[in-house]
Asks: 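Can you keep this structure in mind? I'll have questions shortly.
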Amino acid sequence: MCAVFGISRSGYYHWTRRKESGRSQRHEWLKKQIRRIFFDHRRLYGSKKIWEALKKQGAQVTEKTVARIMKELGLKSRTIKKYKATTNSKHNLPVAANRIFYTQSVRTYVPPYCVILSILCV
C-alpha cells in the first residue's frame with residue numbers, strides 16, 4: 001500500500017502513532033462546547049449568542065469560527081415567532097351574523113359510464 005502512495009513504511013507508521021495536534025484538540029473541545037450550549041438553550045441560540053457564551057467562559061474564539069463549526073455540525077437555530085393577536089375583541093361594535101347556510105339536499109354520485117350509457121340508449 002505504501003508503494004502505491006509513494007511513501008515509506010516508517011513514515012506511515014510514524015503518522016499512525018502521531019499524537020493529535022493542539023489545534024485539532026482545541027477544535028474538538030470547541031465542538032463539544034458549542035454543541036452543549038446549543039442544546040442547553042433549546043436549539044434557539046445562533047452563532048452570535050454561542051460566541052458570547054463562549055466569551056463569558058473565557059474562550060478565545062471568533063464568531064466566524066463558531067459559525068463555521070456550527071455549519072460543520074449541522075446546527076441551525078430555530079426561530080420562534082412572537083405572538084400577534086389578530087382579533088380585537090375589546091370593542092362595542094355589533095358582531096356580524098353567521099352567513100354560512102347549510103342545505104338539506106343530498107347529492108348522489110353518478111359514474112361517468114352511466115351517463116354515456118344513458119345517452120347511447122336514448
Side-chain angles (χ1 to χ4, degrees):
M1 193 70 158
C2 292
V4 172
F5 291 115
I7 56 172
S8 66
R9 186 179 294 174
S10 63
Y12 168 75
Y13 285 109
H14 177 72
W15 176 77
T16 58
R17 294 185 189 111
R18 185 175 56 187
K19 288 184 180 178
E20 193 176 11
S21 69
R23 184 177 186 173
S24 62
Q25 286 177 351
R26 182 171 184 268
H27 191 73
E28 289 300 317
W29 179 82
L30 277 173
K31 280 183 177 181
K32 288 179 186 175
Q33 293 299 316
I34 289 169
R35 189 180 285 119
R36 182 187 56 80
I37 293 168
F38 183 74
F39 288 111
D40 283 350
H41 292 96
R42 300 181 358 238
R43 299 179 0 209
L44 296 174
Y45 273 21
S47 60
K48 185 168 183 133
K49 286 188 178 181
I50 291 176
W51 170 69
E52 289 171 355
L54 286 170
K55 201 165 69 170
K56 283 182 184 177
Q57 292 178 3
Q60 293 274 326
V61 65
T62 64
E63 186 181 347
K64 283 191 174 186
T65 303
V66 173
R68 182 178 44 80
I69 292 173
M70 285 182 70
K71 192 173 185 178
E72 284 176 17
L73 296 173
L75 303 177
K76 291 183 180 179
S77 64
R78 294 183 300 150
T79 55
I80 297 178
K81 293 183 181 178
K82 291 185 178 180
Y83 173 75
K84 179 168 175 70
T86 57
T87 305
N88 180 9
S89 300
K90 297 178 182 176
H91 57 77
N92 295 327
L93 301 172
V95 178
N98 187 1
R99 295 279 182 178
I100 300 175
F101 297 105
Y102 297 98
T103 59
Q104 298 297 327
S105 66
V106 178
R107 295 184 179 185
T108 58
Y109 174 72
V110 179
Y113 62 86
C114 290
V115 174
I116 294 172
L117 286 176
S118 66
I119 292 172
L120 292 175
C121 291
V122 175

Asks: Mind checking whether L54 and L30 have side chains closer than 4.5 Å, heavy atoms only?
Replies: yes

Asks: Taking all non-hydrogen atoms of both residues, which atom of S8 and which atom of G11 are closest, and how far apart?
Replies: OG-N, 3.1 Å

Asks: L44 and I37: same hydrophobic cluster, using ILVMFWY side-chain contacts below 4.5 Å?
Replies: no

Asks: Kindly compute the distance separating CZ (R35) from CG (L73), expressed to the nearest 0.5 Å.
Replies: 4.5 Å

Asks: Parallel, tilted or perpendicular: which one describes the rings of Y12 and W15, with boundaries at 30° and 60°?
Replies: tilted

Asks: Determine whether Y45 and I80 fall in the same hydrophobic cluster, where Ile, Leu, Val, Met, Phe, Trp and Tyr are linked whenever their side-chain heavy atoms lie under 4.5 Å apart.
Replies: no

Asks: When rounded to the nearest 0.5 angstrom, what distance separates OG in S21 from CD in Q25?
Replies: 7.0 Å

Asks: Quick test of your reading: applying salt bridge (charged side-chain N to carboxylate O under 4.0 Å, His left out), list the pairs with at least one residue in residues 39-65, sequence neighbours left out, ordered by first then second residue.
Replies: R36-D40

Asks: Return yes if a side-chain donor-acceptor contact under 3.5 Å exists between E72 and H27, otherwise no.
Replies: yes

Asks: How would you list all residue pairs meeting side chain to side chain donor-acceptor pair (under 3.5 Å) that involve residues 74-91, not counting sequence neighbours?
Replies: none

Asks: Report the distance from atom OG of S47 to atom CD1 of I69, rounding to the nearest 0.5 Å.
Replies: 11.0 Å

Asks: Report yes if some heavy atom in the side chain of W51 is under 4.5 Å from a heavy atom in the side chain of T65; otherwise report no.
Replies: no

Asks: Rounded to the nearest 0.5 Å, how far does CD1 of I34 lie from CE of M70?
Replies: 7.5 Å

